[in-house]
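These notes concern the structure reproduced below.
This chain uses plain numbering: 1 for the first residue, then up along the sequence. Because the structure is predicted, anything quoted here is derived from the model rather than measured.
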Amino acid sequence: MLGAPLLSIKDLSIWFGGGGRYLKAVNRASLEVGRGEIVGLIGQSGSGKTTLAMGLLGLVKGYPGLWEGQALLDGKSLLPDMGPLIIKKGQDRPGGDFQVEKRYIPYQRAHKRTLKGVLGRDIATIFQEPKASLDPFYTVGEHMIEALERNLDRHEGGAKTPGGLKGLGVGLLKDVGLVDAENLWGLHPHEISGGMAQRVMISMALCAKPKLLIADEPSTSLDVTTQAKLLQLFLRLRDKHGLSIIIISHDIGVIQEVSTRIYVMHRGSVVETGTSEHVLSAPKHPYTASLLDSFSRFGEKLPAPPTDPDAGQGCAYREMCAAYRGVLNAEQRQQCEKLKPIGQAESLAASGVSAGMGDWSKCHYRETSKAHGPGTPSHSHLEVLMAKEGSETTLVKVRNLRKRFTQGKRSFLALNDISLDIPQGSTYGLVGESGSGKSTLGLSLMALQGVDAGTIDYKSEDILKAGKARMLVLRREIRMLFQHPEGVLNSGMTIQDILAEGLEREGDIAADERRRRVSEALEQVRLDPVHGARYPSNLSSGEKQRATIARALITKPAFLVCDEPVASLDLAIQSQVMSLLKEFQRHLGLTYLFISHNLSLVKILADRIGVMYMGYLVEEAKVRHFTVAGARHPYTRLLLASTPSLDPGIREVLAHYPDVEPVRLEGGCPFRNRCPVYLANKSPLCETTMPPLVDIEVGARVACHFPLPGG
């Protein structure tokens, strides 16, 4: 990093609470962002990443009882002078440092005055859910005009006319890859995809010509191909506009793709900093190594990080440290057991260097790598996770399923002659981009949505012909897990009441039996029965998802439709939930339809995978065939290559695919406008005839006129 940093944060603390009882959301954290630099901020949910960034912008919710430190943007403070707001001082904190409690409401007002002219101008923000940030009553153009009008002083005079504003707005939309910007201008947020909405948000941020862009989990809700395009967009914006970017994410693959430097946070503290190359290839802190393990050895039971790193003697992370267990000698291990490592603030003060210089780790032995293993899942481990083959009984049989939707004057087939079999006790993975028809198929299997043609046989019974009374009985056996537990768990009911509700259809059950069944369901998902008395708002994201699994299991089902059940969770919690699902399958004989846009995630649980595109099933095979080299359909290879990876060779595969939006084509192969094979030979067959789904080898089907050679 050359010259003075654009953003400099030093010894920042945001503690919630008061009266000596604090939640250390951010605990004496320091970081720097250079001009034109992309910095990654990573850590599990609850590590303090978002609180740090949103706290600077005055967007923190709650009552922070302690707030101190320094934050400078281009030399100008982002925090008000807290001197007049201090109401008491003490020495309650570890190490004898001063504690500062402030008047909250006066502080907020002072902070708002300090940030005036900075928010939305020098600093812009994009959030995780773009459609929650866009007004559903405004068109894309109206959003852009509003953002431009607030920043007219940063644009040339010609932009102040209505035509000039639209021209400037269209140009900004094209800058972020929305090539059909003129047509998008009049559309509302619900009429565009999630990836398009995210890029509209970025365009609005660029209206102010900001110096710094903060992107908070910008790719979590996007499918892998849209995610890959977004990350490349960040690189282009940095190069074209000299934009500095902070990317906040729990996904190491996302951070690795674009960041030059990384800050790792846990329990409010920065525990490691360094270049992306050094941090990801040879982590110097056990917690960073554990994050890499979550990414590379998904599904294994790994040591958990400490819940309170400040408690007890010695390094709280030593039990998860590969060096402590196998490299350090007895004397060195004794130091790890007796002395706590020097924190970031103390280390910076002692060395006199800035927060952005060099590699650093909160560790006694920083030069010793804490890496546990390779950066890709081992095949032997995946074989352990995969279900045992052997069941030839088909539990669910789908034949020629068709579903057409109408939007205004336009209609399209969301499901086009879908046929597949799901054997009992196995997992069928269903992958594809947003809008491919995955969730439509899942809802159809639950009989929660009507279809236009086809059959769905469950245990040889066509559920589409079952009456209402029969479906009430079948729904005890056919259950569904949704992506967002907040939409499933009633916030006004306790967990035990939510679970007991599922038993109502079994008739009168004695109170003691009901309590036993609820406790049993909670214990199955590794939740203490005392959690039953809590409300959903009192649970973490991982606990909420486990409660929704318990809600599904309490009726003792045979078939679960899992629709993106872990997409919004961090890697460690994803691993826990996926391991639970696999354990239930082994011990309870459950059968799953596992829906996701992340093919690498599905590979961990599935025995067989189907790939959907624009309502078509375009490839189906056993899980071992689904590698970048082994994919037979060009679209499958694109999905696999678009998944964030620590393998630099993946970018070479993506270079063969054009950067175009998926559109519904009339006639022929629906993927041809994005297919490198078609674009190379322009075969008329691809333009006129939809390729049928045919067997190309035992257990593998592909719908492609020119299938790729398997590797």
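A salt bridge is absent between Lys166 and Glu182; no separation between the charged side-chain nitrogens and carboxylate oxygens falls under 4.0 Å. Comment: Lys209 does not engage Asp122 in a salt bridge, judged by the lack of any side-chain N to carboxylate O separation of less than 4.0 angstrom. Using a cutoff of 4.0 Å between basic side-chain nitrogens and carboxylate oxygens, Glu433 and Arg674 are scored as salt-bridged. Between Arg35 and Asp74 there is a salt bridge, with a side-chain nitrogen of the basic residue lying less than 4.0 Å from a carboxylate oxygen of the acidic one.
Evaluation of the side chain to side chain contact (heavy atoms under 4.5 Å, CB included) rule for Pro136 yields no partner, not counting sequence neighbours.
Checking side-chain atoms of Thr260 against main-chain N and O of Ile38 turns up a donor-acceptor pair under 3.5 Å. Between the side chain of Asp452 and the backbone N or O of Arg404 there is at least one donor-acceptor pair closer than 3.5 Å. Judged by distance alone, the side chain of Lys438 and the main-chain N or O of Met612 form no donor-acceptor pair under 3.5 Å. Side-chain N or O atoms of Lys112 include none that pairs as donor or acceptor with a backbone N or O of Gly58 at under 3.5 Å. Between the side chain of Glu146 and the backbone N or O of His143 there is no donor-acceptor pair closer than 3.5 Å. Listed for the Lys49 side chain is a donor-acceptor partner under 3.5 Å among the backbone atoms of Gly43. Under a 3.5 Å cut-off, the side chain of Tyr616 and the backbone N or O of Val611 do not form any donor-acceptor pair. Using modelled atom types, one side-chain atom of Tyr657 and one backbone atom of Pro634 make a donor-acceptor pair closer than 3.5 Å.
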Could you go through the side chain to side chain donor-acceptor pair (under 3.5 Å) check for Gln256 and Ser276 one step at a time?
CA-CA 6 Å; Gln256 184 266 347; Ser276 298; over 6 Å; no
Could you walk me through whether Thr548 and Gln545 pass side chain to side chain donor-acceptor pair (under 3.5 Å), step by step?
CA-CA 5 Å; Thr548 63; Gln545 192 59 281; 2.5 Å; yes
Show your working on side chain to side chain donor-acceptor pair (under 3.5 Å) between Glu37 and Ser244 and close with a plain yes or no.
CA-CA 5 Å; Glu37 183 183 27; Ser244 299; over 6 Å; no
Just do the side chain to side chain contact (heavy atoms under 4.5 Å, CB included) check on Thr125 and Leu213 with the steps written out, would you?
CA-CA 6 Å; Thr125 310; Leu213 178 67; 6.0 Å; no
List the steps, then state whether side chain to side chain donor-acceptor pair (under 3.5 Å) holds for Glu620 with Tyr428.
CA-CA 10 Å; Glu620 183 187 69; Tyr428 189 100; 2.5 Å; yes
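Each of Leu56, Val270, Leu52 was scored for a side-chain contact (heavy atoms from CB on, under 4.5 Å) with Val26, with one residue passing: Leu52.
There is no side-chain donor-acceptor pair under 3.5 Å between Tyr613 and Glu619.
Side-chain contact check for Val561 versus Arg479: every heavy-atom pair is 4.5 Å or farther apart. Counting heavy atoms from C-beta outward, Tyr635 and Cys704 have side chains that stay 4.5 Å or more apart.
Other residues, nucleotides and ligands place more than 12 heavy atoms under 6.0 Å from the CZ atom of Arg236.
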